[in-house]
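The block underneath contains the structure these notes are about, expressed in C-alpha cells.
Below, read A as the first sequence line, B as the second, and so on, with proteins coming before strands; counting in each chain starts at 1.
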Amino acid sequence: MAEGFNTARSSSLLVDKHVEYIKSLDKRQDELEYWMTEHLRVSGIYWGLVALKLLDRDSALDKQQVIDYILSCQNTDGGFGGHHGHDSHLLYTMSAVQVLAMYGALDRVDGSRVVDYVAGLQDAETGEICGDEWGERDTRFAFIAVAILSFFDALPRLDSDRIVEYVKLSMNYDGGFGSGPGGESHAAQVYTCLACLAILGRLDVVDRERLSAWLAERQLPSGGFNGRPQKLEDVCYSWWVLSSLRILGRVHWADCSRVCDFVLSAQDPDTGGIADRPGNVPDVYHTCFGIAGLSLAGFEGFPLKDVDPVYCMPVECIERIGLQSWINNVPRSWSQEKLEDV
Amino acid sequence: MMHGRRRVAAKEPTQDEKDEARQQLERYCALNSRVMGLKAQNVFTTDALDATRQLLELNTELHTVWNYRRTIMKKLDAWEDTEKRQSMLEQELGFLMKVIRNNIKSYWMWNHRMWALSQLPQPTWRGELSLVDKLIGMDARNYHAWDYRRFVIARLKDTEDGDAVDEQEFAFTTAQINRDCANHSAWHNRSKLLPAILARADQPRREKVLQTENELIQNAIYTDPEDQNAWLYYDWLLDIQQSDEDRIKLLRGKIAAIRELLELEEDGTRPLIELVSRFAELGRLQPGSVSDAEKEECMKTLCTLKGVDSYHAGRYTDISSALSKRWKVHDLCV
Amino acid sequence: MAERELDGQSFDLVVLGTGLEEAIIASEAAAAGKSVLHIDRNPYYGGAYASFTLSGLIEWAVCHRDHRQVPIVEILVSTKAEGEEERQQQLTDQPTFVIGKNSQRAAAPNPAESATGSRASEALRRLAPFATNSMCVDEPDSAAKALLELLQNDRNYQIELAPKVALCRGRMIDLLIDSGIGEYVQFRGVEHNYLVRDNGVERVPESKEDIFASTTLSLIEKRKLMRVITTVADQEQSKAVIEQAGDVLFEKLLRERFKLDGKLLDAVLRCVARVGFNEHVDAAEGCRRIQRYVTSMGRYGRMAYLCGLYGGGSEIAQSFCRLCAVAGSTYVLGEKVSVEPANDGAGFTVSLGEGTIKAAKVVMDSTYASTVTHGHVLSRAICILDAPVLGEDTTALATYVGSSGVVSMLYVTQATMAVPKGKSILYAWVEGQLLENKVLLCHAISATRGNASALLTLFMETHSLEVAGSVSDDIIHTKGPDATVDLDSAVTAAQSITELILG
C-alpha cells in the first residue's frame, strides 16, 4: 500500500464521511473525472441515492432538483439518456426510473411513453431485449426491461415466456449465467438473470444447489467476492453475489461477517467513499454496492435500511410503490430449505 | 466506476501540473461540447466524424458519441459505394484497434466493432479470429475477448464448414486448458461446443469423445482438487450422459477417484464435500445403493467439514439437514 | 600492457587469476574505490572457468593447465574406417590421447609459427605426442582425420571448463543487475530439466501446466507432484510441514509425507532440489532449494535457470573484468608472477616481468600458491555430439540417476553461440576421481545422447586446491568451481572475500 495516507483499517462504517463524499460529487467541476463521467450522471445519482437512502441520509440531496434533472434527461423516444443531450439507453432509463421510484415521483413521468420505449426493445423474433435502438443484447437488459415494466404494472407488454427461454439459454454447466446464450458465468450476470426470473416468478428454471455452491465459492480468504473463478475480489461483488444468494435464500452460505470486514476495509478514511479494493480510489458505484452489500450481509455496526435484493433499492421504497419486496417473497419451498437435490 | 486505481499520497501539485491539468480539462470539455453541439444540429460531415474520433480516443464510454459516429457514417456518400464503404469500415477497424489499447473492457467499443464488421461488404472473419487469438494470448480470461470470439465464430460458421469450425474451436479450448487447466473461460466454451460434437458423433465416436473428456477433467481434478470449477464440469459430464446406468457407472468412478485423493491428503476439504455430494447423487439415482456405513460416513464428514471449513458452515449445515431427512439418519451438525 | 610503468607502484589490492570469483572480487573492490591490479599468468581470461575454441581447449590441455588442478586429461576421438559402417564406439574405449600428470608441459605456441600453419594442424601437432597409438601428423590416420574435420568449425566452439548456469532468482542474476553488467551479458533460458535413467530420458514436469499436460505421469503421480509444488514451494506451508516433520532428511520427508518414490522422488530430489548422491540434506534445506527453484520460474519466462551465451561463466568473468577496468583498474595478462611478503612486513611485494609492485592485500586463485593440498575432486566429461539430442531444446539441464551415483549434465546447442550448427555438447560431471567415475560418466552420456554419436569426448579430473594454514588475512585464496550447477556458490564465496577485504 502506498505510504503517506491513512491506511488504518476501519472497523466502523464511516457514515458521515460517505455522505460528505456523495454530496461532494456534484462539486468537482475542476476535475477531469467529473466531465469524463458526465454521460452516466443519471446512474451516478441512482448509486448515490441508494447509498444515502440505506444510510437514512437522503436529505443530503435536494430532492426537487434531482427529480427535475432526471426528468430533463428523458428523450422524445420515451427512454432516458445518461445526461442532457445523450441518447436513450435501457441502463439510464432504469436508473432514472429507480431514482423517481425512490422519491415516490413515478407519477411525474409519462409512464406510457417509458413503457412503449422499453417494450419496443424486445426483438419480436428472438424475444431478446436490446439495450437501445442499435441492438446490443445482454441478459442485463432482459432484467432491466422486466424491472422497469414491473414499476409501471405493465409486464404483459413483454413476451415473458421468450425472455425466460432466453435466460435459460444463457445458463451454464456451473449453474451460473452469462451475458447471453454461450456467455461465461459471471456473478453480475447471475444477479440480473436471477432478478429477472424472480420478477417473472420463474425461478424454477434455476439449478439452485449448483448455483448456490458456485456463488458461495466466489468468496475469497479476504472476505471479499470475485465475479468469476481465479479473479480478484471486488467490493461490487459483495452486492452481485450476496443479492444472488439472497434471491436463492442462501445468504448464510457466505461468511457475512467477513464480507463486512472486507467492505469496511475498502473505505477511504480521508475522503469518504468506498473503493473496489482496500487502498484504491473510491467511487460512487462501489460506495453504493458496498453499502448495499453490508445491508444484505446484516451488518450490525449501523442501522442500515433493508435493501431489496432484486431491485437494489430500499425495501420500504419497493413496498411504498405497491410492489412486493423479494425479502418477503421467497418461494415457500425454498424458505423451508427442502433440498430436492444436494 | 473505477477499478484498480491506487490511492496515492496527497501531494500538492506544482503550478505546472495544475496548468497542465486545467488545459487538459478545457480541451476535453471543448471537444465534448463541440461534438454534442454538432450532433444537436444534425451535422453529418467528415469533419464531424473526425471530431467524434478525437473525442472517443479520450473517452471510450460515450455511447451517444459512438451512436452519432455510426449515424454519420451511414449518411456519408461513401457509404453507398461498396468499395468506399469497405475501405471506410476497414479504417474504422484500425481506429478501434487503437481504442482497444485504451480500454479493452469497453462494452461500447466492442459493440461498435461488431456493428462495423456486420456492415462490411466483405467482412474478414478469419482476421478477426486472429485478433481474438492475440487478445486471449495476452489475457486468457478476458471476458470481452471470449464473448467476441463466440460472435466471430458464429459468423464464421455461416461462411465456412460449421462442423469443422466447431472442431477447431474445440481444439483451441484444449490448447488453452493445457496452458492453464484453471482457465474457466476455456472450459466454459468447451461445454458449449461439446454437445454439438456429441450430437454429430456415431456411438463409438461418442464414447471415445466422452472418454477423452472424462480423462481430461480427471487430469484437472488431480492437478488441482481445490478447483471447484473442475468438479462442476465433472458433474456436468454426468448430466450429459445418455442413461442413468452410465451415470451410475461414472459416479462410482468418481467416488473411487475421490477415495484415492483422500488417501493422499486426508485434510483436503474439497474432496470431502465432493464425496458427500457424490453419495447423495448416487442415492438419488439408485435408491438403496448407498450403504448405512456410507451414509454415516457422509454425516460425519459434514460435521468435520463444518469444523475445519467454517467459511462454508452454512452450506454444510443445510446439506446435513437435508440428507438426514432424506436418509432418515441423525443430523450430526445440529 | 606496459609493466615498466607499473614498476614501483602500490595498489590496495592485487588479484591473481581472472576466474569468476577473482573477477567479482576485483570489480567490487574497484567499485568501492580501491586501486586494483589484476593479473593472469595465462594469455586468456577465466581461469578455471575459462572457455575455449576446440583448438584452444587442446592448447589449454597441453600447454596451460595447472597439473595440480587438472592432473589427467583424456580425449577420445570417434573414428570412421573407410568403407565401413560407422563403428559403434564405446565411450569407455581406450582414449585416443592421454595427457597425464607426467606428460611434458609443452611450450606455448610461437605466434609466428601458428600464423603460418592452420590452427587445426597446429592443434594436431600439439596433441600427437600424447596419442596412445602412435600418430603421424603428416599422414593422418582415421583419428587424426576425424579431429581435423571437427577442427574445421573450430571457431564456432566455446567449450567451458566448468559449465554452470544462473538461477533466475539467484545471487548471480542479482549481482549482474546491481552491477549493470546484466545489460550486456546475454542469456538464454534453460528450457527443460531432464531426469535421465538407464531406461530413458524424461522431462521433469516443473509447473502446474507441465503436470497437467504430462502424458507420462499417472493421475496419482500428478497429484503427488502438485502437492510438492503447492506445499513445499510455499514458504508458509512448508514451514508448517517442516515443524511437523521435525529433524528429518529431505529424502525421508519426500518419501513419507509426500509419498514419493521411483522417478518422482528422483525428479524432485535430484533434478529440482539437486541433492547429490552422498549428500545429506535436511528437510528445511530441501524445501528452501525447491522454493528457490520454483520462485526462479517465471522471472524470465517459465525457466528456472539461464545459460550464458558465448561461453557462460567465462564470458561473465570477462564482463566483471571489463567493469573493473572501467573503474580504473589495471590489467596484465600472460605474465609470470610471484608474491612475497614485503620486507618491511607491511603488505606484499608482487613481482612480474621486470617490475615490482607493492600490494596492501592480495587475492589469488589457489593455483598461484606454491604449496597446496588437494580438496574436492571432480570428474568431468565434455562430449561433442554429431546432432542435437533433446528434441527442440536449445539448452537443458539433465541429471543422470544411476545405481552407483548421480551425474549433473548441461546440454547446449548452437543457440548458445558456443556450438557449431547441427552439433551439440553435453557436459557431465560428478564428484570423485576419474578412475572410479569414468564409467558412471559414460553411462550418463550414453543414456542421454540417444542415437547421436559422440564425435569427441574429453574426460578430466579436477581438484580444488587449498592452501594450508592461511598466512594472513591480507592474502586470501579462492577455491575455484565446485560441483553445483549454478553460479551462486561462486558469488557467495567472492562476496564473503570482498567483505573481508573491504572490512
_Test item: K105(B) and W110(B) side chains (from C-beta on) under 4.5 Å apart, heavy atoms_ = no
*Name the region of D147(B), side chain, backbone, both or neither, that has any atom closer than 4.5 Å to a heavy atom of chain A.*
side chain
_Minimum heavy-atom separation for A187(A) and V241(A), please, with both atom names._
CB-CG2, 3.7 Å
*Hey, does the side chain of S265(A) reach the backbone of F262(A) with a donor-acceptor pair shorter than 3.5 angstrom?*
yes
*Below 6.0 angstrom between ring centroids: does that apply to H63(B) and H89(A)?*
yes
*Can D166(B) and K157(B) be counted as an ion pair, charged N to O under 4.0 angstrom?*
yes
*Given a strict heavy-atom distance threshold of 4.5 Å, which part of L58(B) is in contact with chain A: side chain, backbone, both, or neither?*
backbone
_Less than 4.0 angstrom from a charged side-chain N to a carboxylate O is my criterion; do R22(B) and D19(B) meet it?_
yes
*asked:* Looking only at the side chains, is there a donor atom on one of H84(A) and S72(A) sitting less than 3.5 Å from an acceptor on the other?
replied: yes
*Taking Q219(A), R228(A), E38(A), E136(A) one by one, which has the highest count of heavy-atom pairs under 4.5 Å against chain B?*
R228(A)
*Largest heavy-atom contact set with chain A, pairs under 4.5 Å, which of R70(B), K39(B), K192(B)*: R70(B)
_Which atoms of L245(A) are under 4.5 Å from chain B, going by heavy atoms: the side chain, the backbone, both sets, or neither?_
neither
*With only heavy atoms counted, which part of N111(B) is less than 4.5 Å from chain A, the side chain, the backbone, both or neither?*
side chain
*Considering only heavy atoms, which portion of R270(B) lies under 4.5 Å from any heavy atom of chain A: side chain, backbone, both, or neither?*
side chain
_Within 45 degrees of the ring normal and closer than 6.0 Å to the centroid, is that where the cationic atom of R190(B) sits relative to Y233(B)?_
no
*Determine the option with the most heavy-atom pairs under 4.5 angstrom with chain A, choosing from L62(B), D239(B), N32(B), V65(B).*
D239(B)
*Between D87(A), T271(A), D255(A), which has the largest tally of heavy atom pairs under 4.5 Å with chain B?*
D87(A)
*Contacting moiety of T60(B), where chain A heavy atoms sit under 4.5 Å*: neither
*Among L232(A), V284(A), D138(A), L220(A), single out the residue with the greatest number of heavy-atom pairs under 4.5 Å to chain B.*
L220(A)
*Pick one of side chain, backbone, both or neither for D30(A), based on which atoms fall under 4.5 Å of a heavy atom in chain B.*
backbone
*Does CZ in R28(A) sit with more than 12 non-hydrogen atoms of other residues, nucleotides or ligands closer than 6.0 Å?*
yes
*Tell me, out of E61(B), R141(B), Q24(B), who's got the most heavy-atom pairs with chain A below 4.5 Å.*
R141(B)
*Could you tell me which portion of A182(B) (side chain, backbone, both or neither) has an atom closer than 4.5 angstrom to a non-hydrogen atom of chain A?*
both
*asked:* For A213(A), which atoms come within 4.5 Å of any heavy atom of chain B: side chain, backbone, both, or neither?
replied: both
_Need one label for W134(A): side chain, backbone, both or neither, based on atoms under 4.5 Å from any heavy atom in chain B._
side chain
*With a 4.5 angstrom heavy-atom cut-off, could you sort out which part of Y311(B) is near chain A: side chain, backbone, both or neither?*
both
*E31(A) versus chain B, heavy atoms under 4.5 Å apart: side chain, backbone, both or neither?*
backbone
*Atom CD1 of I22(A) and atom CD1 of I291(A): how far apart are they, to the nearest 0.5 Å?*
5.5 Å
*Contacting moiety of F289(A), where chain B heavy atoms sit under 4.5 Å*: neither
_For chain B, which candidate among E217(A), R258(A), E184(A) shows the most heavy-atom pairs at distances under 4.5 Å?_
E184(A)
*Give the intermediate values and the outcome of side-chain contact (heavy atoms from CB on, under 4.5 Å) for residues S185(B) and W146(B).*
CA-CA 7 Å; S185(B) 306; W146(B) 281 96; 3.4 Å; yes
_Would you say the rings of Y143(B) and H186(A) are close, in the sense that their centroids are separated by under 6.0 Å?_
yes
_Heavy-atom cut-off 4.5 Å, strictly under: side chain, backbone, both or neither for W115(B) against chain A?_
side chain
*Given a strict heavy-atom distance threshold of 4.5 Å, which part of Q29(A) is in contact with chain B: side chain, backbone, both, or neither?*
backbone
_E281(B) and R278(B) ion-paired at < 4.0 Å_ = no
*Sort S43(A) into side chain, backbone, both or neither according to what part of it lies under 4.5 angstrom from a heavy atom of chain B.*
neither
